[in-house]
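Computed from a predicted structure; not experimentally measured.
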Amino acid sequence: MYTVTLGEFAALAAASILVGFSKTAVSGANTVSLAIFAAVLPARESTGVLLPLLIVGDVLAVRTYRRHAHWGTLWRLFPAVAAGVVVGTVFLLWAGDAAVRTSIGAILLLMAGVTLWRRRTAARADTPAAPTAPTAPTAPTAPTAPAAPVVPTAPDTDGAGARLKAGSYGVLGGFTTMVANAGGPVMSLYLLSAGFRKLGFLGTSAWFFLIVNVAKVPFSVGLGLIDGRSLLLDALLALFVVPGAFIGKACVDRINQKLFERLVIAATVLGGLQLLLR
């Protein structure tokens with residue numbers, strides 16, 4: 001097992017609680033966990049310790065939100081994510097701790113900036129036009145048939161632009177999740193930009209990360225990131241993931257959509273800065 005002090009173990013335990021919370025409430029908050037793990041343990045090896053804990057959280061999240069996934073989005077993302085995982089594996093063959101931290105931190109801040117820019121542009125486009133002067137009343141007309149009810153639309157994941165965006169975010173998500181388990185913020189920003197509401201966001205991301213994280217295990221074992229020492233530490237820390245997931249489930253219904261999105265972006269920026277400034 002890794003040798004850690006009591007204070008360091010307490011920090012890892014708190015980060016593990018946050019892993020569970022991030023899986024059932026605020027996904028981007030997981031970047032804070034990976035920053036804590038990278039601060040207490042060697043950055044490269046910390047990814048191998050964190051991965052099994054993420055899978056525990058993924059299982060709990062799928063049990064909670066499994067009915068809300070948008071599978072069309074998942075199937076569109078998986079090929080690009082697989083390519084990103086392969087690129088990330090090659091990167092880890094030669095990258096040191098400093099290169100890993102700098103690369104992931106820069107990507108997180110870039111994606112947060114792009115999302116904020118997109119939202120500001122969309123908000124300006126949605127600003128209502130100035131009211132026009134009232135017109136003279138017209139003669140009454142015969143009643144018309146009632147309009148058909150509006151059917152809710154799926155998230156914006158169709159069309160050439162949407163496919164290009166899914167491919168770009170997918171490669172980045174696969175790369176960052178393989179290199180530092182930091183795919184959560186990238187996928188969070190993609191799902192928010194595609195127009196996912198809270199439950200659809202949580203259900204789609206829960207299935208996505210369960211599948212992707214399980215698929216990453218052979219790569220991590222081959223790179224020597226998961227071994228007997230890391231699994232012993234995981235066996236202790238997994239006990240803290242479960243209460244974190246239940247706390248997140250209890251809180252998610254009390255978080256409104258705007259606050260939810262702001263928390264995701266804020267956690268992304270915080271995690272990126274922590275990685276860059278270490």
Side-chain angles (χ1 to χ4, degrees), residues 22-23 26-31 34 54 58 61-62 65-91 103-104 106-123 125-126 151-216 219 257 260-261 263-265 267-269 271-272:
S22 72
K23 292 298 183 178
V26 183
S27 178
N30 190 50
T31 56
L34 73 89
L54 294 173
D58 292 329
V62 165
Y65 303 115
R66 61 187 178 277
R67 298 179 181 177
H68 302 283
H70 189 263
W71 283 96
T73 298
L74 291 173
W75 290 121
R76 186 174 290 111
L77 284 169
F78 283 145
V81 171
V85 168
V86 171
V87 173
T89 302
V90 173
F91 178 77
S103 299
I104 300 304
I107 289 172
L108 296 183
L109 293 179
L110 175 63
M111 299 309 296
V114 169
T115 297
L116 288 172
W117 175 78
R118 284 178 178 273
R119 293 198 165 280
R120 182 168 296 181
T121 302
D126 291 340
V151 178
T153 57
D156 179 20
T157 56
D158 294 320
R163 286 193 293 271
L164 177 61
K165 181 169 69 174
S168 302
Y169 275 88
V171 171
L172 279 174
F175 175 81
T176 54
T177 194
M178 187 65 227
V179 171
N181 295 311
V186 178
M187 288 297 102
S188 295
L189 297 177
Y190 167 71
L191 295 177
L192 290 179
S193 69
F196 278 81
R197 303 296 293 176
K198 189 159 42 179
L199 289 178
F201 174 103
L202 292 168
T204 303
S205 61
W207 276 108
F208 174 85
F209 283 109
L210 177 61
I211 294 170
V212 171
N213 284 334
V214 170
K216 284 162 48 183
F219 293 94
Q257 182 70 22
F260 178 77
E261 295 179 4
L263 287 173
V264 169
I265 295 172
T268 301
V269 172

### Message
With a 6.0 Å cut-off (strictly less than), is the heavy-atom count around CH2 of Trp75, excluding the residue itself, greater than 12?
### Response
no

### Query
Tell me, do Val81 and Val212 make a side-chain contact under 4.5 Å, heavy atoms counted?
yes

### Query
Of all heavy-atom pairs between Lys23 and Asp58, which one has the smallest distance, and what is that distance?
NZ-OD1, 2.7 Å

### Task
Of all the heavy-atom pairs spanning Tyr190 and Ala166, show the shortest one and how long it is.
OH-CB, 3.6 Å

### Query
Which heavy-atom pair separates Leu109 from Val269 by the least distance, and what is that distance?
CD2-O, 3.6 Å

### Message
Side chains of Tyr65 and Thr204, heavy atoms from C-beta outward: is any pair under 4.5 Å?
### Response
no

## Note on the structure
CG (Asn213) and CE (Met178) are apart, to the nearest 0.5 Å, by 10.0 Å

### Task
Step through it carefully: locate the ring centre of Phe201, locate the ring centre of Phe196, and say whether they are under 6.0 Å apart.
no

### Query
If you measure from OG1 on Thr73 to CZ on Arg76, what distance do you get to the nearest 0.5 Å?
6.0 Å

#### Entry: Distance in Å, Thr177 OG1 paired with Leu172 CG, rounded so as to fall on 0.5 Å steps
12.0 Å

### Task
With rounding to the nearest 0.5 Å, note down the distance linking OG in Ser22 to CG in Leu54.
7.0 Å

### Task
Evaluate the side-chain contact (heavy atoms from CB on, under 4.5 Å) criterion for residues Phe219 and Val85: first the C-alpha distance (whole Å), next the side-chain angles of each, then the deciding distance (0.1 Å), finally the verdict.
CA-CA 9 Å; Phe219 293 94; Val85 168; 4.2 Å; yes

### Task
Starting at CE of Met187, measure out to CG of Leu77 and round the result to the nearest 0.5 Å.
5.5 Å

### Query
Any side-chain heavy atom of Ser103 sitting closer than 4.5 Å to one from Phe91?
yes

### Message
So which atom in Val62 and which in Ala206 form the shortest heavy-atom distance, rounded to 0.1 Å?
### Response
CG2-O, 3.5 Å

### Task
For His70 and Leu191, run side-chain contact (heavy atoms from CB on, under 4.5 Å): C-alpha distance rounded to whole Å, both residues' side-chain angles, the deciding distance at 0.1 Å, then the answer.
CA-CA 10 Å; His70 189 263; Leu191 295 177; over 6 Å; no

### Message
With rounding to the nearest 0.5 angstrom, report the OG1 to OH distance, Thr176 to Tyr169.
### Response
11.5 Å

### Message
Do Leu74 and Trp207 have side chains that approach each other closer than 4.5 Å (heavy atoms only, starting at C-beta)?
### Response
yes

